[in-house]
Amino acid sequence: MVEYFFKHDFLTTVWGGVVGWMFFTLFSAAAGILYAAILRKVKGPWPGLLYGVLWWVFLYLLFGPVAGMLPPVQKLGWTTLITDLCLFVLWGLFIGYSIAVEFTKEEKRDQDPDGLLGKVLK
């Protein structure tokens, strides 16, 4: 997806791989912030799974081909489509659970600011 911004020859180098990982990290952070803003209170694995599917649909069917970041879906093989969909589903699940766990920890922290150690010392 970074080929829109960089030449393909550069992306096949080591530094191109580093740029790709940096882009993926920034993209994941932005997606995590968006998930936290919209779905942080929803529990269970389904919101994260659906979130990953929605990102796949957005990138592979809508924005990616229009922006020239990806070839049209018809030109991609079934193996690529299914593999990437599975990766996006796992990615969405990871984001969903990470945000849910962090939100739950904060909620518990707000309810019990002293924590277990505070209770033992009192």
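Atoms considered below: every heavy atom in the structure, side chains included; atoms not considered: hydrogens, waters and symmetry mates. Predicted model only: the values in this text are computed from it and were never measured.
- In plain terms, the two heavy atoms of Leu62 and Val66 that are nearest each other are O-CG2, 3.1 Å.
- Here the CG atom belonging to Leu59 is positioned 7.0 Å from the CG atom belonging to Leu70, to the nearest 0.5 angstrom.
- Taking every heavy atom of both residues into account, Tyr97 and Gly44 meet most closely at OH-C, 4.4 Å.
- Closest approach of Pro47 and Val42 over heavy atoms only: CG-CG1, 3.1 Å.
- Val57 and Val89 fall within the same hydrophobic cluster, defined by Ile, Leu, Val, Met, Phe, Trp and Tyr side-chain heavy atoms under 4.5 Å apart, directly or through other members.
- Contacts of Leu76 classified as side chain to side chain contact (heavy atoms under 4.5 Å, CB included), with partners at least two apart in sequence or in another chain: Tyr60, Pro71, Thr80, Leu81.
- Of the inter-residue distances, the one linking His8 atom NE2 with Thr13 atom OG1 reads 10.5 Å to the nearest 0.5 angstrom.
- In the hydrophobic clustering of ILVMFWY residues, with side-chain heavy atoms under 4.5 Å counting as a link, Leu61 and Phe88 come out together.
- Contact detail for Ile95 and Gly32: the closest heavy-atom pair is CG2-CA, 3.8 Å.
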- request: Decide ring pair (Phe, Tyr, Trp, His ring centres under 6.0 Å) for Trp46 and Tyr51; before the verdict, give the C-alpha distance in whole Å, the side-chain angles of both, and the deciding distance to 0.1 Å.
  value: CA-CA 8 Å; Trp46 295 110; Tyr51 191 66; over 10 Å; no

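- Judged by distance alone, the side chain of Ser28 and the main-chain N or O of Thr25 form no donor-acceptor pair under 3.5 Å.
- A distance of 6.5 Å separates CG of Leu26 from CE of Met22, quoted to the nearest 0.5 Å.
- Shown here for Gly48 and Tyr35, the closest heavy-atom pair between the two residues is N-OH, 3.7 Å.
- Phe58 meets the ring pair (Phe, Tyr, Trp, His ring centres under 6.0 Å) test with Trp55, Phe63; sequence neighbours excluded.
- Side-chain contact between Leu90 and Cys86: absent, with no pair of heavy atoms (C-beta onward) separated by less than 4.5 Å.
- Taken together through direct or relayed side-chain contacts under 4.5 Å among Ile, Leu, Val, Met, Phe, Trp and Tyr, Ile82 and Leu87 form parts of separate hydrophobic clusters.
- Hydrophobic clustering (ILVMFWY, side-chain heavy atoms < 4.5 Å, transitive): Met69 and Leu54 are in distinct clusters.
- Trp21 and Phe24 have perpendicular rings, their planes meeting at more than 60° on a 0 to 90° scale where under 30° would count as parallel.
- Under a 4.5 Å side-chain heavy-atom cut-off, the cluster of Ile, Leu, Val, Met, Phe, Trp and Tyr residues that includes Ile33 has no other member.
- Heavy atoms from other residues, nucleotides or ligands lying under 6.0 Å from CZ of Phe94 number 12 at most.
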